[in-house]
Amino acid sequence: VQLQASGGGLVQAGVSLRLSCAASGCAFSSYTVAWFRQAPGLEREFVARINWSGSNTRYADSVKGRFTISRDNAENTVYLQMSSLKPEDTAVYFCAAGGSGYYTLPQEYAYWGQGTLVTVSS
């Protein structure tokens, strides 16, 4: 499975942005997919994840109520809709896929995209 994250950019605080994670590979629709982010000098942190069918999601407390993860298995794509962006959301955002469990740790995911940079100015 190959993952391609896109949609990042430079935005002002308070606006919305949607990230996409497009996948190639027939197994993608059976995998749990997650978004992680990494700010300069910090460790990669969990943002959100969605199970294979989209019926189960989980969010980090820092983004709960502002971010929404969704997926379109027909298009082999997972989305992260980000609203009410804050400067502290600035990071490189990575999508990851693998397995069928409810994973929140980076080491639990086998496949990673290259990351897309989100910069939120105050």
A.B. asks: When you check the gap from the basic side-chain N to the acidic O, do Asp61 and Lys64 get nearer than 4.0 Å?
C.D. replies: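 Yes.
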A.B. asks: Can you tell me how far CD of Gln12 sits from OG of Ser122, rounded to the nearest 0.5 angstrom?
C.D. replies: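 The distance works out to 9.0 Å.
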A.B. asks: Apart from Trp52 itself, what residues make up its hydrophobic cluster when side-chain heavy atoms of I, L, V, M, F, W and Y under 4.5 Å apart count as a link, directly or indirectly?
C.D. replies: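 Members alongside Trp52: none; it stands by itself.
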A.B. asks: Hydrophobic side-chain clustering at under 4.5 Å (ILVMFWY, transitive links): who's grouped with Val92? Put none if nobody.
C.D. replies: Phe36, Phe46, Phe94, Tyr103, Tyr109, Trp112, Leu117
A.B. asks: Got more than 12 heavy atoms from elsewhere within 6.0 Å of CD, Glu88?
C.D. replies: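 Yes, because the 6.0 Å sphere around CD of Glu88 holds more than 12 heavy atoms from other groups.
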A.B. asks: What's the spacing between Arg37 CZ and Leu42 CG if we round to 0.5 Å?
C.D. replies: 10.0 Å
A.B. asks: Working to the nearest 0.5 angstrom, can you tell me the gap between Gln81 CD and Ser20 OG?
C.D. replies: 9.5 Å
A.B. asks: If you count the non-hydrogen atoms of other residues, nucleotides and ligands that lie under 6.0 Å from CZ in Arg58, is the total more than 12?
C.D. replies: no
A.B. asks: Considering only heavy atoms from C-beta outward, does the side chain of Asp72 approach that of Tyr79 to under 4.5 Å?
C.D. replies: yes
A.B. asks: Taking Gln38 for its side chain and Ala91 for its backbone only, find out whether a donor-acceptor pair lies under 3.5 Å.
C.D. replies: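 Answer holds: no.
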A.B. asks: Report the hydrophobic cluster partners of Trp35, with the cluster defined as I, L, V, M, F, W, Y residues connected by side-chain heavy atoms closer than 4.5 angstrom, directly or transitively.
C.D. replies: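 Hydrophobic cluster check, Trp35: joined to Val1, Leu3, Val11, Val15, Leu17, Leu19, Phe28, Tyr31, Val33, Val47, Ile50, Tyr59, Val63, Phe67, Ile69, Val78, Leu80, Met82, Leu85, Tyr93, Tyr111, Val118, Val120.
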A.B. asks: If I take atom CD from residue Gln2 and atom CD from residue Gln114, how far apart are they, to the nearest 0.5 angstrom?
C.D. replies: 11.0 Å
A.B. asks: Over all heavy atoms of both residues, which pair between Ala5 and Cys95 is shortest? Give the atoms and the distance, please.
C.D. replies: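 Scanning both residues, the minimum pair turns out to be CB-SG, 4.1 Å.
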A.B. asks: Measure the OH-OG1 distance between Tyr102 and Thr32 for me, rounded to the nearest 0.5 Å.
C.D. replies: 7.5 Å
A.B. asks: Counting N and O atoms only, with roles assigned by atom type, does the side chain of Asn51 sit under 3.5 Å from a partner on the main chain of Gly54, one being a donor and the other an acceptor?
C.D. replies: yes
A.B. asks: If I take atom CD from residue Glu75 and atom OG from residue Ser29, how far apart are they, to the nearest 0.5 angstrom?
C.D. replies: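 Output value for this atom pair is 12.5 Å.
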